[in-house]
Number of protein chains: 2
Amino acid sequence: MKDEKIVEVDNALSLDEETLFEVSQTFKALSDPTRVRILHLLLQKEFSVNEIAENLQLRQSTVSHQLRFLKNLRLVKYRREGTTLYYSQDDEHVFNLLKQSIEHAKHQ
Amino acid sequence: MKDEKIVEVDNALSLDEETLFEVSQTFKALSDPTRVRILHLLLQKEFSVNEIAENLQLRQSTVSHQLRFLKNLRLVKYRREGTTLYYSQDDEHVFNLLKQSIEHAKHQ
DNA sequence: TGTATATATTAACATATGCTCATATAATAA
DNA sequence: TTATTATATGAGCATATGTTAATATATACA
């Protein structure tokens, strides 16, 4: 009798642990109103930490903490200019999800 | 001097309180691995509460709680057959977001 | 009526999350 | 070097979240 081969199932929509983690992590980034507001602002253009705080009426540390979160997930990046850090989009797919969902929510 | 008119700004991507709430709520539904697994299962076909629990190795009450959550957001619906409730998809847009994200995550 | 089965609900608990204040760090300029 | 400005970090706190066991409810059937 021949050896059975273990076949790796990999449908387009199968859901291994790693994918499950990444998908839910990504959505978690978009599940908090403060982060959504920050990301929404960055749809326009890059902003410094203080500019984001002023624009959205948030504390500097709140913004900084959330930017760290978003940076860890590689959803945003920054460039430095002196002491100022300008944050901007770094994940086309996620920003598209956000745009898509905002537009959809408004046409409900 | 003429009266100033208050102009409602309503770009496709402006973000009023209501939209902000709905968008982040929707993503919150997709931010928990257990809920993602349940929704992912429902991509196939309808399942009863117990079937979901068996399939995903979860407690009946865990599944029931999460289904209530998803039902409140109108992401799933059910039909009754005797004492059995069959849950199924009830939001094409959100299920599309999920499919899209799973596929994207796998090609990272 | 009583029993069995499927699901929902409640309360308790542990953990996660988000915000804040205070302070640290980093870069620049005087 | 010291002072200034921008940002990051750590700790504490209140609240939110997810799971669980136990129990309640609802339907069907004998």
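Just so it is clear: chains get the letters A, B, ... in the order the sequence lines come, proteins before strands, and each one is counted from 1. None of these values were measured; they are calculated from a predicted model.
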Between [N] atom [atom2] and [X] atom [atom1], what is the distance in whole Å?
X: A/Asp32; N: C/dT17; atom1: CG; atom2: C1'; answer: 9 Å
X: B/His65; N: C/dT7; atom1: NE2; atom2: C1'; answer: 11 Å
X: B/Phe69; N: C/dA8; atom1: CZ; atom2: C1'; answer: 17 Å

Please report the C-alpha distance between B/Asp91 and B/Arg74 in whole Å, then the side-chain angles of each, then the deciding distance to 0.1 Å, and finally whether the side-chain contact (heavy atoms from CB on, under 4.5 Å) criterion is met. CA-CA 7 Å; B/Asp91 188 316; B/Arg74 298 170 195 276; 5.8 Å; no
Any sub-3.5 Å donor-acceptor pair from B/Thr19's side-chain atoms to B/Leu15's backbone N or O?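 Judged by distance alone, no pair lies under 3.5 Å.
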Donor-acceptor under 3.5 Å (B/Ser64 side chain, B/Gln60 main chain):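 Looks like no, no N/O pair under 3.5 Å.
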Do A/Leu39 and A/Val76 make a side-chain contact, defined as non-hydrogen atoms from C-beta onward lying under 4.5 Å apart?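 In contact.
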Enumerate the salt bridge (Lys or Arg N to Asp or Glu O under 4.0 Å) contacts for residues 46-71 of chain A, please, sequence neighbours excluded, ordered by first and then second residue.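 Found A/Glu46-A/Arg79.
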side-chain contact (heavy atoms from CB on, under 4.5 Å) between A/Ser88 and A/Lys45, worked out: CA-CA 7 Å; A/Ser88 59; A/Lys45 62 176 182 71; over 6 Å; no
Pull out every residue in residues 34-50 of chain B that has a heavy atom closer than 4.0 Å to any atom of DNA chain D, ordered by number, or say none.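 When residues 34-50 of chain B is checked for heavy atoms under 4.0 Å from DNA chain D, the hits, listed by number, are B/Thr34, B/Arg35.
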What residues in residues 71-91 of chain B put a non-hydrogen atom under 4.0 Å from any atom of DNA chain D?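 Within this stretch, B/Arg80, B/Gly82, B/Thr83 sit under 4.0 Å of the strand.
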Would you grab the first and last nucleotide of DNA chain D (5' to 3') that comes under 4.0 Å of any non-hydrogen atom in chain B?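 For DNA chain D, the relevant span reads D/dT17 to D/dA28.
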Filter on side chain to side chain donor-acceptor pair (under 3.5 Å), then keep only pairs touching residues 96-108 of chain B, sequence neighbours left out; what's left?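 Residue pairs with at least one partner in residues 96-108 of chain B: A/Asp10-B/Lys106, A/Ser14-B/Lys106, A/His93-B/His104, A/Gln100-B/Gln100.
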Any donor-acceptor pair under 3.5 Å joining the side chain of A/Ser61 to the base of C/dC19?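 Counting by modelled atom types and ignoring angles, no donor-acceptor contact under 3.5 Å is found here.
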Do any side-chain atoms of residues 26-35 of chain A form donor-acceptor pairs under 3.5 angstrom with protein atoms, and if so which ones, sequence neighbours left out?
from, atom 1, to, atom 2, distance (Å)
A/Thr26, OG1, A/Glu22, O, 2.9
A/Ser31, OG, A/Lys28, O, 2.7
A/Asp32, OD2, A/Thr34, N, 3.1
A/Asp32, OD2, A/Arg35, N, 3.2
A/Arg35, NE, A/Ala29, O, 3.0
A/Arg35, NH1, A/Gln66, OE1, 3.0
A/Arg35, NH2, A/Lys28, O, 3.0

Below the 4.0 Å mark, does C/dT9 have OP1 or OP2 next to a side-chain nitrogen or oxygen of B/Ser64?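 Checking B/Ser64 against C/dT9: no side-chain N or O falls below 4.0 Å of OP1 or OP2.
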B/Glu18 atom CD, neighbour heavy-atom count above 12 within 6.0 Å: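 No, because the 6.0 Å sphere around CD of B/Glu18 holds 12 heavy atoms or fewer from other groups.
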With a 6.0 Å cut-off on the ring centroids, do A/Tyr78 and A/Tyr86 count as close?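 Ring centres of A/Tyr86 and A/Tyr78 not closer than 6.0 Å.
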If two hydrophobic side chains count as joined below 4.5 Å and joins carry through other members, does B/Ile52 share a cluster with B/Leu43?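 Yes, it is one cluster - the side chains of B/Ile52 and B/Leu43 are joined through contacts under 4.5 Å.
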B/Gln60 near the nucleic acid: base, sugar-phosphate alone, or nothing, with a heavy-atom cut-off under 4.0 Å?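 If one applies the 4.0 Å heavy-atom cut-off, B/Gln60 turns out to touch a base.
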